Number of protein chains: 2
Amino acid sequence: MTTSGVVPQARFSAQARLRALQSDIMELILERELEAGDPLPTESELSVALGVGRNTLRESLKVLQALGVIEIRHGFGMFVAPSNFDALADGLTFRGRLSLRHQGLEALQLVDVRQALESGLIGSSIDVMTTEQLASIEEAVKQMEELAAAGENFVAADAEFHRRLFEPLNNELLINLMGVFWKVYRKIHVEIGPGNEDLVKTAAMHRSIYAAVAAGDKVSASELLNRHFDGIRRRISEAVGD
Amino acid sequence: MTTSGVVPQARFSAQARLRALQSDIMELILERELEAGDPLPTESELSVALGVGRNTLRESLKVLQALGVIEIRHGFGMFVAPSNFDALADGLTFRGRLSLRHQGLEALQLVDVRQALESGLIGSSIDVMTTEQLASIEEAVKQMEELAAAGENFVAADAEFHRRLFEPLNNELLINLMGVFWKVYRKIHVEIGPGNEDLVKTAAMHRSIYAAVAAGDKVSASELLNRHFDGIRRRISEAVGD
DNA sequence: CGAGCATCGGACGTCCTACATCCGATAACC
DNA sequence: GGTTATCGGATGTAGGACGTCCGATGCTCG
């Protein structure tokens, strides 16, 4: 509703104008009741409709794309996007790596938040977990154990394990957020070096978490997750100490 | 180090190239060991160094700005930015409002995540809370009560209350995330209408949460927070039901 | 007659030029 | 010496030109 027309003299800062432009585009989507997957007007049409040059408009569109609001397909068009948190992951990864040059504060904060989410929600997840989902979790554990026995890294299996733990909650936002934290942690982990972690021991830790979940023991599961994160936190601290 | 020169034929998709460009910029910051507040090269210099046009470069820069990686000041220059989660808030707000047109799923998921964070971390926060911080929380409660008695809305006081609850943890990422969730919820709240909420009752609810925190009763505090969020969740469900 | 292929048009991607706007700093002026 | 005017540099905005990609239309060939 703020797009009553072309503003002859925008007296606000350029930054505010760009934000307003982004808001206008989002408002336009909401007003036209477009759903995920629906096409947006072309760049030319939008630039005319919003009274800005194509260049300025594109800068806003790229931001919206990065924010996961729209999806841009070369040579085809623009569409309302399904959730996409990749960009957020990039931003947070950057922050985490930047912080590692100091005390690793932000990296540790990231672990704190992830810990709060996982150990706080594991109980609810256990409540609604099906036997199939439980089996898929064990599958991930087995995979980790096999890879650990072979002396190989098990990044993907580890990620899968944590994802499946909270799949029962059916909360996409949560899954996305945890995926972001995971990605960031992986990048940071690479940064601080291979570490001297014991693969077999780590796999066993996940096995015990699974056991608690399978037994429906919410308290133990939460506690074990906490301990798991304590280890991660310790490793980051050690790396920064160097 | 990937910027060994101009690539004559970029065979990858445009989207991948833009992402690579963003990564290159972030790598450049990390390689040069720039800290928050340090200046970046000018647009012209960067466009030459990275082998892309100023326009293409600017699109990436705008994304990085939105992601809170860099700060752009008109007519002055670009700098490594302190944390900024405003853009994330905008993206999530959009998603939330979009979801309200359906079942309000994403909006409810947002509340779930916020609930997990708040009720999960309140215990830790109580552990390290100082008397000054406790007093500042009561201050926020009083403000809410006064505004409620006057029949006025207390958006800011409510936000302050929740922020101060977790200030003791000294976790900027958490504060930022909760700030995001708060902003999104406020926008959604406006969307679903004024509602028939009882201001006095809501203020009383916050007073009871404060009481539990002051008493060091972690279990009660967590439980009260849960109930608080149940109310929010119910209100969203009602609004969608219309 | 149908499958495969070439062409076409539209839409996004990139680059360039030009000018506007803003900011800090220098230098002139009172 | 303090204040103000000007300047230079940097970002902001606009428009145009051309490249690249994609889907679709229509043609050709089996």
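Quick note on labels: first sequence line is chain A, next is B, and so on, each numbered from 1. In this text, all values refer to a predicted model and were calculated from it rather than measured experimentally.
- Between the C1' atom of D:dA10 and the CG atom of B:Leu46 lies a distance of 12 Å, rounded to the nearest Å.
- What separates CD of A:Glu59 from P of C:dT14 is a distance of 13 Å, to the nearest Å.
- Rounded to an integer number of Å, the gap from CD of A:Glu43 to P of D:dG16 is 15 Å.
- Ion pair B:Arg114/B:Glu118 flagged as a salt bridge, since at least one NZ, NE, NH1 or NH2 atom sits closer than 4.0 Å to an Asp/Glu carboxylate oxygen.
- Between the P atom of C:dT21 and the CD atom of A:Gln15 lies a distance of 19 Å, rounded to the nearest Å.
- In plain terms, the two heavy atoms of A:Val128 and A:Pro168 that are nearest each other are CG2-O, 3.6 Å.
- Here D:dA10 presents its P atom at 17 Å from CD of B:Glu71, a figure rounded to the nearest Å.
- Here B:Gly75 lies in heavy-atom contact (under 4.0 Å) with a base.
- Between the side chains of B:Gln115 and B:Arg233, a donor-acceptor pair is found at a separation under 3.5 Å.
- Listed nucleotides D:dG23, C:dG24, D:dT11 differ in distance to B:Ile72; the shortest reach to its side chain belongs to D:dT11.
- Side chain of A:Arg164 to main chain of A:Ser136: a donor-acceptor pair is present (N/O by atom type, distance under 3.5 Å, no hydrogens or angles).
- Considering only side-chain atoms of B:Thr56, the nucleotide from D:dA14, C:dC15, C:dG13 that sits closest is C:dC15.
- Contact annotation for A:Arg58: base contact, defined as any heavy-atom pair under 4.0 Å involving a base atom.
- A donor-acceptor contact under 3.5 angstrom links the side-chain atoms of A:His74 to the base of C:dC12.
- Contact check, B:Lys62 against D:dT11: no side-chain N or O comes under 4.0 Å of OP1 or OP2.
- Not a single donor-acceptor pair, N or O on each side, falls under 3.5 Å between the base of D:dG12 and the side chain of A:Asn55.
- Atoms CG (B:Leu57) and C1' (D:dA10) sit 13 Å apart, rounded to a whole Å.
- In this structure, the CE atom of B:Met78 is 13 Å from the C1' atom of D:dG12, given to the nearest Å.
- A:Gln133 and A:Thr130 share a side-chain donor-acceptor pair at under 3.5 Å.
- Residue A:Arg73 contributes atom CZ, which lies 6 Å from atom P of D:dG23 at whole-angstrom precision.
- Side chain B:Arg54 to base D:dT13: a donor-acceptor pair is found below 3.5 Å.
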